[in-house]
Number of protein chains: 2
Amino acid sequence: MSDTVHNAESDLLAVAAHRELLGQILDKWSLSVLTRLCEAPCRFNELRRAIPDISQKSLTGTLRRLERNGIVERRIIGTRPIAVEYRITPLGKTVREPIDALLLWASTHLPRIEQARSRFDDTLDE
Amino acid sequence: MSDTVHNAESDLLAVAAHRELLGQILDKWSLSVLTRLCEAPCRFNELRRAIPDISQKSLTGTLRRLERNGIVERRIIGTRPIAVEYRITPLGKTVREPIDALLLWASTHLPRIEQARSRFDDTLDE
DNA sequence: CAGAATCCTTCACGATACTG
DNA sequence: CAGTATCGTGAAGGATTCTG
């Protein structure tokens with residue numbers, strides 16, 4: 001019996017424990033940065049141009065956070081003027097599969113979700 | 001040539017398009033609520049007790065958002081006093097697999113990530 | 001029991017200006 | 001080029017109070 005109960009509790013604990021970690025990787029901009037860096041290593045301003053709506057501050061913050069978690073690597077490739085290259089780490093590459101699964105889910109079910117939204121919004125202004 | 005380029009661009013567009021959707025499902029509390037509702041249908045205050053740190057306002061908001069996206073269903077099962085039951089929808093069940101993949105990734109690589117964090121933090125106060 | 005309404009604080013984020 | 005520093009704003013979220 002207590003298998004179900006135990007699993008439920010440990011699942012909730014696991015969720016609580018991993019929510020913070022996932023929040024660092026699945027936040028507002030990380031997904032875009034990660035996607036871009038999976039294509040190829042990239043310079044700072046190159047990333048800025050690739051993600052037009054991101055501010056310089058947010059990009060810096062996102063990169064620092066990903067770097068701290070071992071997902072991307074910051075490599076100084078030149079000085080005068082300084083040049084920095086960001087690239088995805090082996091650890092970072094491993095997260096691509098679950099993320100892609102999630103993106104696939106999103107694009108697969110987007111129509112049904114938009115349908116559900118319309119239904120929900122319609123039944124509100126009655 | 002433009003295959004790589006095109007894929008990169010469309011990936012970034014896809015990410016931008018799905019970020020909003022995923023944000024509704026992977027936000028601060030949704031994961032906990034979803035995990036709990038996957039176990040069994042649940043009453044409002046039952047959910048509150050199952051997720052001790054959530055406020056009433058946040059739980060209401062989270063449930064409304066999930067309901068709007070067709071992920072959970074709100075069912076009034078009694079009045080006087082009013083009773084409401086929340087349960088996961090068929091659409092909601094389909095998201096469990098990619099989410100579990102992500103949680104599995106998180107728990108699998110947590111040690112390496114904590115290691116990376118320590119290294120990063122250490123090399124700062126030198 | 002299941003919320004709605006209100007107040008208040010925190011904080012993420014953008015814009016701007018400056019630097020090695 | 002690749003940032004740091006500072007300021008201002010809006011939105012999220014908690015605590016509290018009230019209601020059908």
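Each chain gets a letter, A, B and so on, in the order its sequence line appears, and its residues count up from 1.
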Whole angstrom value for the distance that separates P of C:dA2 from OH of B:Tyr86 | 8 Å
Taking 5' to 3' order, which nucleotide of DNA chain D is first and which is last to have an atom within less than 4.0 Å of a heavy atom in chain B?
-> D:dG13 to D:dG20
Contact list for residues 94-104 of chain A, test side chain to side chain donor-acceptor pair (under 3.5 Å), sequence neighbours left out | A:Thr94-B:Trp105
side-chain contact (heavy atoms from CB on, under 4.5 Å) partners of B:Ser107, counting only residues at least two apart | A:His18, B:Leu104
First locate atom CG of B:Leu66, then atom CG of B:Leu37, and finally report the distance between them rounded to the nearest 0.5 Å.
-> 8.0 Å
Do B:Asp27 and B:Ser30 have side-chain atoms, one donor and one acceptor, less than 3.5 Å apart?
-> yes
Any side-chain donor near an acceptor of the partner, B:Glu114 and B:Ser118, under 3.5 Å | no
With sequence neighbours left out, the residues meeting side-chain contact (heavy atoms from CB on, under 4.5 Å) with B:Arg19 are A:Lys28
Any residue meeting side-chain contact (heavy atoms from CB on, under 4.5 Å) with B:Arg87, in chain and number order, not counting sequence neighbours | B:Pro41, B:Glu73, B:Arg75, B:Glu85
Whole-Å distance between C:dA4 C1' and B:Arg74 CZ?
-> 12 Å
Would you say C:dA2 has OP1 or OP2 under 4.0 Å from some side-chain N or O of B:Arg48?
-> no
Report, as a single string ordered 5' to 3', how protein heavy atoms within less than 4.0 Å touch nucleotides 12-18 of chain C: B base, S sugar-phosphate only, - not at all.
-> -BBB---
Exercise: do A:Ser55 and A:Ser58 side chains pair donor with acceptor under 3.5 Å | yes
How long is the line joining CZ of A:Arg80 and P of C:dG20, in whole Å?
-> 16 Å
